[in-house]
Amino acid sequence: MQIIGTGSALPEKVVSNDMLAGFLDTSDEWITSRTGIATRRLLSNDNLGDLAIAAARQAVASSGVDCNDIDYIICSNVANNYVTPSLSTIIQGGIGDECSCPCMDLNGACAGFIYAIDIAEALLKTDRAKHILIVCAEEPSKFCNWHQRETSVLFGDGAGAVVVTGGDGLLARRVTAKSQKDVLYYKRPLETTPYDRSTENAEPLVMHGRDVFRMAVQGSLADINALLTESGLKPDDIDFYLLHQANMRIIKSIREGLGQEEQKFPCNLQRYGNTSSASIPILIDELTTEGRLKDGALLMLSAFGAGFVTGAALLRWGKAA
Ligand code: UT7
């Protein structure tokens with residue numbers, strides 16, 4: 001597969017660390033030094049469906065593909081207001097009346113973009129589709145308990161999208177999962193029934209930060225090193241490492257584990273916080289818009305998240321032949 005179009009959309013509301021310190025027992029100093037985050041964008045008067053559609057439209061427009069030539073829409077999303085219908089069908093309705101392809105949502109947590117790439121590659125390889133729209137749209141701010149400083153300061157909302165088609169741009173990929181449900185979870189409330197009136201199961205996001213930190217660094221380094229070995233490459237051969245934007249200290253640990261310079265690790269975490277699976281496609285769209293991704297550049301993508309899941313993809317950047 002090859003990426004031929006990109007797009008992104010973020011909420012209008014910019015929330016600084018100082019604004020959070022106005023109602024939480026936290027500080028700009030703590031958040032900046034422990035995470036690298038200075039501001040995040042949070043949904044307020046806007047909604048996730050509209051962001052997802054805006055990112056999708058940009059990706060389709062920049063790909064040059066007609067929206068009725070999109071053969072599949074995959075949306076990566078952890079949770080949103082609509083449990084059903086899927087967000088991907090809502091996106092389909094927003095990109096054009098002519099579009100009537102199959103749609104599906106997947107929950108690969110923060111690694112959802114890499115999981116979507118893995119599935120898209122399989123659909124392209126088996127001729128089930130020629131053009132696939134992948135949209136990662138996330139609103140993690142809605143899972144947090146906003147009285148808890150441990151989680152609410154970390155996240156931001158946003159959407160990133162790509163259009164992919166057949167090509168030789170995906171050199172290697174790896175996705176993993178190892179059941180670990182207690183380190184990072186969010187339990188959404190469901191309706192009560194005459195037979196089950198329990199509501200105590202619902203719980204805002206719970207995260208054991210230090211465990212997640214350790215698993216993230218170990219998992220990412222294992223994935224990246226596996227793809228480098230499989231491809232006969234060294235860390236120095238990679239032009240850009242596009243890592244899930246969760247914490248600057250996680251990115252630094254992975255970078256040091258690979259012995260690489262800071263310039264190879266572009267970040268938007270400072271401005272957007274952790275936007276879950278949307279973080280890597282938003283970053284790709286920004287780098288594309290800034291003209292920083294040259295044809296032939298080698299990109300290593302790597303992400304991790306609740307599950308515990310990880311995923312990495314090695315891409316050679318460039319338009320499909
Ligand atoms: O997309 C995947 C999702 N998650 C992640 O990738 C997160 C991975 N983990 C992390 O990024 C880090 O573990 C955190 C940023 C969540 C926390 O950083 P840490 O250096 O591991 O801090 P800690 O949890 O060990 O807490 C240190 C102290 C504690 O106080 P005491 O016990 O030392 O008195 C916390 O209560 O910092 C306190 N603390 C805060 N203080 C001010 C925790 N959150 C805050 C806060 N403001 N927001």
Side-chain angles (χ1 to χ4, degrees), residues 15-40 42 76-79 107-115 136-158 160 175-178 180-186 204-223 242-257 265 267-270 272-283 301-312:
V15 177
S16 68
N17 293 340
D18 282 338
M19 286 162 77
L20 299 182
F23 61 92
L24 283 171
D25 181 15
T26 190
S27 64
D28 177 48
E29 197 283 326
W30 192 95
I31 302 171
T32 311
S33 61
R34 299 283 181 136
T35 71
I37 300 165
T39 60
R40 70 283 295 140
L42 299 181
S76 159
N77 170 260
V78 174
N107 180 349
C110 299
F113 182 58
I114 314 287
Y115 267 74
C136 300
E138 303 280 13
E139 49 185 349
S141 73
K142 306 277 179 77
F143 319 158
C144 296
N145 176 345
W146 280 86
H147 300 288
Q148 273 179 6
R149 62 183 184 175
E150 290 79 5
T151 47
S152 52
V153 305
L154 304 174
F155 296 96
D157 306 321
V175 284
T176 78
K178 186 84 188 87
Q180 274 275 5
K181 78 176 159 47
D182 295 335
V183 292
L184 182 54
Y185 63 87
Y186 162 53
L205 192 78
V206 171
M207 182 171 68
H208 297 281
R210 289 190 173 195
D211 293 334
V212 175
F213 194 113
R214 183 179 40 77
M215 290 158 76
V217 174
Q218 284 173 0
S220 231
L221 280 172
D223 284 349
L242 307 182
L243 305 188
H244 171 46
Q245 304 286 294
N247 183 321
M248 206 57 92
R249 286 158 54 219
I250 293 179
I251 293 173
K252 184 168 181 268
S253 299
I254 296 168
R255 178 170 70 72
E256 289 175 350
F265 290 70
C267 290
N268 58 24
L269 166 76
Q270 307 89 323
Y272 305 145
N274 179 348
T275 56
S276 189
S277 73
S279 81
I280 293 178
I282 293 172
L283 193 55
L301 282 45
S302 172
F304 50 84
F308 197 79
V309 298
T310 71

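Counting convention: from 1, in listed order, for ligands and their atoms alike. What you are looking at is a predicted structure, and each value in this text was computed from that prediction instead of being measured.
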What are the polar N/O contacts of ligand 1 with the protein below 3.5 Å, with distances?
{"unit_1": "ligand 1", "atom_1": "1 (O)", "unit_2": "His244", "atom_2": "NE2", "d": "2.9"}
{"unit_1": "ligand 1", "atom_1": "1 (O)", "unit_2": "Asn274", "atom_2": "ND2", "d": "2.8"}
{"unit_1": "ligand 1", "atom_1": "9 (N)", "unit_2": "Gly209", "atom_2": "O", "d": "3.0"}
{"unit_1": "ligand 1", "atom_1": "11 (O)", "unit_2": "Asn247", "atom_2": "ND2", "d": "2.6"}
{"unit_1": "ligand 1", "atom_1": "13 (O)", "unit_2": "Gly209", "atom_2": "O", "d": "3.3"}
{"unit_1": "ligand 1", "atom_1": "20 (O)", "unit_2": "Arg34", "atom_2": "NH1", "d": "2.8"}
{"unit_1": "ligand 1", "atom_1": "20 (O)", "unit_2": "Arg249", "atom_2": "NH1", "d": "3.2"}
{"unit_1": "ligand 1", "atom_1": "20 (O)", "unit_2": "Arg249", "atom_2": "NH2", "d": "3.1"}
{"unit_1": "ligand 1", "atom_1": "22 (O)", "unit_2": "Arg34", "atom_2": "NH1", "d": "3.3"}
{"unit_1": "ligand 1", "atom_1": "25 (O)", "unit_2": "Arg210", "atom_2": "NE", "d": "2.6"}
{"unit_1": "ligand 1", "atom_1": "25 (O)", "unit_2": "Arg210", "atom_2": "NH2", "d": "2.8"}
{"unit_1": "ligand 1", "atom_1": "36 (O)", "unit_2": "Arg149", "atom_2": "NH2", "d": "3.0"}
{"unit_1": "ligand 1", "atom_1": "37 (O)", "unit_2": "Trp30", "atom_2": "NE1", "d": "3.2"}
{"unit_1": "ligand 1", "atom_1": "41 (N)", "unit_2": "Trp30", "atom_2": "NE1", "d": "3.3"}
{"unit_1": "ligand 1", "atom_1": "41 (N)", "unit_2": "Arg149", "atom_2": "NH1", "d": "3.4"}
{"unit_1": "ligand 1", "atom_1": "47 (N)", "unit_2": "Thr26", "atom_2": "OG1", "d": "2.6"}
{"unit_1": "ligand 1", "atom_1": "48 (N)", "unit_2": "Thr26", "atom_2": "OG1", "d": "3.2"}
{"unit_1": "ligand 1", "atom_1": "48 (N)", "unit_2": "Arg149", "atom_2": "O", "d": "3.0"}

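To the nearest 0.5 Å, the span separating CZ on Phe213 from OG on Ser253 amounts to 4.5 Å.
For Arg214, the salt bridge (Lys or Arg N to Asp or Glu O under 4.0 Å) partners two or more places apart in sequence, or in a different chain, are Asp211. Residues satisfying the ring-ring contact (aromatic ring centres under 6.0 Å, His included) test with Phe304, not counting sequence neighbours, are His244. Listed by chain and residue number, Tyr241 satisfy the ring-ring contact (aromatic ring centres under 6.0 Å, His included) test with Phe265 (two or more places apart in sequence, or in another chain).
Scanning all heavy atoms of the two residues, the minimum distance from Glu150 to Met207 falls at O-CE, 4.4 Å.
Side chain to side chain, Asp223 and Thr310 meet the donor-acceptor criterion of an N or O pair below 3.5 Å.
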